[in-house]
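Accompanying notes for the structure given below.
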2 protein chains.
Amino acid sequence: MLNSQVMDVQPRRRLTRAEAKARTRTLLLDAAAEVFARKGFAGASVEEIAETAGFSIGAFYSNFANKDELFVELLSTHSRNQIAESARLMDERAEGKRGLGQQLINAADEDFPLLEAEFWLYSVRNPQVATALAERMREPREALKTLVGEALRRLDPPVIDIDVPVSVVVASLFAGLVRQRRIDPDSVPAELYDQALHWLFAGIAAERAQPQG
Amino acid sequence: MLNSQVMDVQPRRRLTRAEAKARTRTLLLDAAAEVFARKGFAGASVEEIAETAGFSIGAFYSNFANKDELFVELLSTHSRNQIAESARLMDERAEGKRGLGQQLINAADEDFPLLEAEFWLYSVRNPQVATALAERMREPREALKTLVGEALRRLDPPVIDIDVPVSVVVASLFAGLVRQRRIDPDSVPAELYDQALHWLFAGIAAERAQPQG
DNA sequence: GTCTATACGTCGATAGAC
DNA sequence: GTCTATCGACGTATAGAC
């Protein structure tokens with residue numbers, strides 16, 4: 001699921017050695033994402049990951065040094081996909097608030113939030129991983145910042161010199177709502193995210209139009 | 001830490017059998033909260049929990065059926081503390097937006113966010129636990145809803161008939177910002193939460209003052 | 001009620017065959 | 001490159017002494 005977009009898992013011609021190994025890696029990463037989401041990092045065994053991918057333990061260890069290395073690789077792939085998602089959003093619509101509600105609904109139904117929680121915990125518990133992750137998250141964060149910046153410039157009156165990280169608020173709100181919806185869908189209606197963003201931007205615009213203490 | 005407020009761990013007179021056992025339970029729960037935060041649910045061993053509390057494995061199993069039971073109890077205690085926190089906030093100040101920034105900073109430095117992430121994952125993976133947790137979270141959620149309702153009524157013009165769960169937005173934003181600050185403190189300035197709430201409420205007020213499509 | 005000792009299973013990782 | 005077999009470490013849970 002997570003990695004199959006990088007490489008076709010069912011190519012038509014015979015595979016070279018390198019291609020076959022890369023395919024095994026990809027399948028192991030996909031399987032790991034699923035098992036980690038279901039069992040958690042510590043709860044997932046190398047054996048289950050390997051068997052889910054259709055391989056043996058030996059195949060696993062010929063592709064990864066250990067479970068940690070695979071997890072970090074999964075983590076970076078995850079970040080890369082976040083970049084792609086942000087970029088896609090920016091390309092399709094630069095309006096900043098349209099169709100985001102649906103994205104929330106979709107996100108809450110996937111394994112992603114589980115993996116993200118797992119990644120977050122792993123990062124907090126392994127500071128050296130946290131710095132590496134922060135490094136990789138810089139690009140998607142900048143992309144979101146640009147997107148939010150454009151939305152602010154489109155306000156009436158335009159806001160161009162704001163020094164508060166509104167994009168961080170947006171990202172945090174999204175992540176928080178996704179988690180809440182996962183455990184209690186009824187408490188997070190489909191339009192809630194859109195509505196909250198609308199208010200947030202309206203509040204910023206109102207403050208600029210008529211500054212108050 | 002988490003449970004010691006319920007019972008004095010160093011009473012002055014001699015303990016009865018029941019009191020001694022209850023004290024052991026409490027100490028085991030405190031230790032478990034710490035170890036779960038550090039190692040995660042699956043990663044925490046019963047042995048480490050028991051030893052952190054100053055007891056043996058046998059003492060653990062004479063107080064809890066297994067690790068799961070202790071975890072669920074910890075979960076409910078956690079929810080109860082959330083209620084207390086919400087209530088305290090409501091009593092001290094009904095302003096809805098004052099001093100909340102500091103609460104964010106404090107929360108990000110504690111073990112709480114780690115435990116919450118662990119609890120969330122556990123709930124998502126164990127649906128029967130999720131429903132029980134949702135039940136226990138109803139009271140603090142209602143408390144927050146009341147608090148936010150009062151803040152809305154204090155707006156100009158007052159908002160009294162809103163059918164959007166603003167309190168869910170507030171809670172989700174808080175949780176999201178706490179997590180973000182934990183892995184990258186610089187990205188979440190101390191005033192960000194207060195500022196975001198200010199904008200959110202200003203946006204709601206602006207919409208009511210001058211409805212727009 | 002709590003401790004020590006231990007049975008039993010599972011997991012991570014390795015070695016050697018193919 | 002991948003598989004099977006296996007080792008050593010560790011974890012849960014129990015049994016019986018005190």
Side-chain angles (χ1 to χ4, degrees), chain A residues 3 7 9-11 13-32 34-36 38-74 118 122 125-126 129, chain B residues 3 7 9-11 13-32 34-74 118 122 125-126:
Chain A
N3 300 280
M7 170 179 313
V9 293
Q10 290 287 2
R13 66 178 172 76
R14 191 182 182 86
L15 297 173
T16 66
R17 250 171 147 68
E19 284 171 339
K21 180 161 188 176
R23 176 174 165 278
T24 301
R25 261 185 94 88
T26 302
L27 290 172
L28 283 170
L29 284 165
D30 283 351
E34 182 200 324
V35 179
F36 282 146
R38 202 168 59 237
K39 302 280 187 76
F41 175 70
S45 70
V46 170
E47 184 178 10
E48 183 170 358
I49 293 171
E51 285 181 355
T52 300
F55 294 95
S56 65
I57 300 178
F60 179 97
Y61 282 102
S62 86
N63 279 280
F64 299 96
N66 49 41
K67 198 164 74 163
D68 274 59
E69 185 187 292
L70 173 136
F71 192 63
V72 171
E73 168 133 359
L74 205 55
E118 207 69 53
Y122 193 79
R125 289 169 184 150
N126 302 68
V129 173
Chain B
N3 300 279
M7 170 178 312
V9 293
Q10 290 286 3
R13 67 177 170 77
R14 191 182 181 86
L15 298 172
T16 65
R17 251 173 148 67
E19 283 171 338
K21 180 162 187 176
R23 176 174 165 278
T24 301
R25 262 185 94 86
T26 302
L27 290 173
L28 283 169
L29 284 165
D30 284 350
E34 182 200 324
V35 179
F36 283 146
R38 203 168 57 236
K39 302 280 188 77
F41 175 69
S45 70
V46 170
E47 185 178 9
E48 181 170 0
I49 293 171
E51 285 181 356
T52 299
F55 295 95
S56 65
I57 299 178
F60 179 97
Y61 282 103
S62 87
N63 279 281
F64 300 96
N66 50 41
K67 199 164 73 165
D68 274 60
E69 186 188 292
L70 172 135
F71 192 63
V72 171
E73 169 133 356
L74 206 55
E118 208 69 54
Y122 193 80
R125 289 169 184 150
N126 302 68

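Computed over heavy atoms, backbone and side chain alike; hydrogens, waters and symmetry mates excluded. Just so we're on the same page: letters track the sequence lines, and every chain starts at 1.
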Length of the line joining [X]:[atom1] and [N]:[atom2], which is rounded to integer Å:
X	N	atom1	atom2	result
A:Tyr61	D:dC7	OH	P	17 Å
B:Asn66	D:dG11	CG	P	17 Å
B:Glu51	D:dC10	CD	P	13 Å
B:Phe64	D:dT12	CZ	P	15 Å
B:Lys67	D:dT12	NZ	C1'	9 Å
A:Glu48	C:dG9	CD	P	19 Å

| Close side-chain approach of B:Arg38 and B:Glu48, heavy atoms under 4.5 Å |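 The answer is yes, as the side chains (C-beta and beyond) meet within the 4.5 Å cut-off.
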| Under a 4.5 Å cut-off applied to non-hydrogen side-chain atoms, are A:Phe36 and A:Lys67 in contact? |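 The answer is yes; the side chains approach within 4.5 Å.
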| Along nucleotides 1-6 of chain C, 5' to 3', which nucleotides get a B, which get an S, and which get a -, given that the test is a protein heavy-atom distance under 4.0 Å? | SBBB--
| Nearest-nucleotide comparison on DNA chain C, the residue closer to the 5′ end among A:Glu47 and A:Ala65 |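 Nearest-nucleotide comparison on DNA chain C picks A:Glu47.
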| field | Expected output: side-chain A:Asn126 to main-chain A:Val129 donor-acceptor under 3.5 Å | value |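 Between the backbone of A:Val129 and the side chain of A:Asn126 there is no qualifying donor-acceptor contact (under 3.5 Å).
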| said: Would you compute the distance between atom CZ of B:Arg25 and atom CZ of B:Phe60 and round it to the nearest 0.5 angstrom? | reply: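 The CZ atom of B:Arg25 sits 10.0 Å away from the CZ atom of B:Phe60.
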| task | Could you grab the distance from atom CG of B:Leu74 to atom OH of B:Tyr122, nearest 0.5 Å is fine? | result |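 Taking CG in B:Leu74 and OH in B:Tyr122, the distance rounds to 11.0 Å.
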| query | Are B:Phe71 and B:Phe41 near enough that their ring centres are under 6.0 Å apart? | reply |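 B:Phe71 vs B:Phe41: aromatic centres under 6.0 Å.
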| query | Using a cut-off of 4.0 Å on non-hydrogen atoms, how would the nucleic acid contact of A:Ala44 be classed: base, sugar-phosphate, or nothing? | reply |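 Answer is sugar-phosphate: A:Ala44 comes under 4.0 Å of backbone atoms only.
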